[in-house]
Amino acid sequence: MRTRISRGLAAALAVSALSLTAACNGSDDPAKDGADKPSAGATGTASAAPTSKAPATPLTAAQMKAAAMELKDLPAGWKVAKTDDDNTNYKADKAECQPLAAVMSADVEGSTLGASADFVLGRQQSELSEEVVTFSGTGAADYTKKLATALDACTDFTVDVEGQKTKFSVRKLTAPQGAEEVLAFGLTMEVAPGIKIEPNLVVGRQGAGVFRMVHLADTTSTKKDFDSFAKLATEKFAKAAQG
């Protein structure tokens, strides 16, 4: 089975479910507002090249392997993370928001997985997960179009995560340039009263290839690293996809 891109989020959801009673009974502290806010004039989409209307050629296994981040690409302190297979399902209460819920799942429907990478900084103070996939025909462009449409249509929605109702809110972030299409956005997941998880994600397309990367950080300082990681991942992916 495929490694789930949101492995860190699943663990956090499980922990938060166990702490729900304590959060409800013992804490009057207000929930944190979340350090990540969209920049002025921020957009979820950046375009570096015109999109071809003709179906693109699927990426090769070698291209997808070269497109994925490696430990040597990251600053000191990061290490490769061991992951477990997971079939967690995410179902949005609004059909138009399902592409945003589905981005947390292991599988990208209609695609072929080529490479995945998972890294952790310290004792899970910051985590990165990335997947590189390829499509046939116009599948890659269709995938990013649906995701972009969902970003425009959805701000708040509820997701059923294996029976647990979780409130999601989404905000567009400034996306790096370098690939044909790039989307960047942040999610706030209220897994229990006063308990929120705030991952940032970047999704990019080059030809028939797509990469997805999620960054989950515990502190404001490590959350700020997302922009540099998103730029790094986008540039490496685009270069390999064109090679």
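Bear in mind the structure is a predicted one, so any value in this text is a computation, not a measurement. The residues of the chain are indexed from 1 along the displayed sequence.
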Tell me, please, which residues at least two apart from [X] pass side chain to side chain contact (heavy atoms under 4.5 Å, CB included).
| X | answer |
| --- | --- |
| A102 | Q98 |
| S169 | D156, T188 |
| A208 | A56, T134 |

Give a yes or no on this: more than 12 heavy atoms of other residues, nucleotides or ligands lie within 6.0 Å of atom CD of Q124. no
So, for [X] and [Y], which heavy atoms are closest and what is the spacing to 0.1 Å?
| X | Y | value |
| --- | --- | --- |
| M64 | T112 | SD-O, 4.1 Å |
| E130 | M69 | OE1-N, 2.8 Å |
| S136 | P58 | CA-CG, 4.1 Å |
| A217 | S126 | CB-OG, 4.0 Å |
| E162 | N89 | OE2-N, 2.7 Å |
| G178 | A238 | O-CB, 3.2 Å |

Point-to-point distance, once rounded to the nearest 0.5 Å, from [atom1] of [X] to [atom2] of [Y]:
| X | Y | atom1 | atom2 | value |
| --- | --- | --- | --- | --- |
| D227 | H215 | CG | NE2 | 10.5 Å |
| T83 | D118 | OG1 | CG | 4.5 Å |
| T234 | F211 | OG1 | CZ | 3.5 Å |
| K145 | R205 | NZ | CZ | 11.5 Å |
| L173 | F226 | CG | CZ | 6.0 Å |
| I197 | T166 | CD1 | OG1 | 8.0 Å |

With side chains defined as the heavy atoms from C-beta onward, is the minimum distance between [X] and [Y] less than 4.5 Å?
| X | Y | answer |
| --- | --- | --- |
| L100 | L147 | yes |
| L128 | M213 | yes |
| R171 | N200 | yes |

Pair F185, V103 - check side-chain contact (heavy atoms from CB on, under 4.5 Å), show working. CA-CA 11 Å; F185 54 98; V103 80; 4.3 Å; yes
Any pair with a residue in residues 103-139 that passes disulfide bond (SG atoms under 2.5 Å apart), sequence neighbours left out, goes on the list, sorted by first then second residue, please. none
Pairs involving residues 79-159, ordered by first then second residue, that meet disulfide bond (SG atoms under 2.5 Å apart) (sequence neighbours left out): C97-C154
Which side-chain hydrogen bond (donor to acceptor under 3.5 Å, both in side chains) pairs, counting each pair once, include a residue from residues 60-70, with sequence neighbours left out? T60-Q63, E70-K236
Can you name the side-chain hydrogen bond (donor to acceptor under 3.5 Å, both in side chains) partners of [X], sequence neighbours left out?
| X | result |
| --- | --- |
| D152 | K172 |
| Q125 | none |
| K165 | D160 |

Dump the intermediate steps for side-chain contact (heavy atoms from CB on, under 4.5 Å) on F119 and L121, then the final yes or no. CA-CA 7 Å; F119 308 98; L121 176 65; over 6 Å; no
For residues 68-87, which residue pairs qualify under ring pair (Phe, Tyr, Trp, His ring centres under 6.0 Å), counting only residues two or more places apart or in two chains? W78-F229
Backbone N or O of E180 within a donor-acceptor pair of the Q206 side chain at under 3.5 Å? yes
Spell out, as yes or no, whether a donor-acceptor pair under 3.5 Å connects the side chain of S111 to the backbone of D107. no
Between V161 and V191, does the side-chain contact (heavy atoms from CB on, under 4.5 Å) criterion hold? Intermediate values first, please. CA-CA 10 Å; V161 185; V191 295; over 6 Å; no
Going by salt bridge (Lys or Arg N to Asp or Glu O under 4.0 Å), name the residues that satisfy it together with E235, two or more places apart in sequence or in a different chain. K231
Salt bridge (charged side-chain N to carboxylate O under 4.0 Å, His left out) pairs touching residues 90-104, sequence neighbours excluded, are none
Criterion side-chain contact (heavy atoms from CB on, under 4.5 Å) on M189 and V159, from CA distance to verdict: CA-CA 9 Å; M189 306 161 61; V159 176; over 6 Å; no
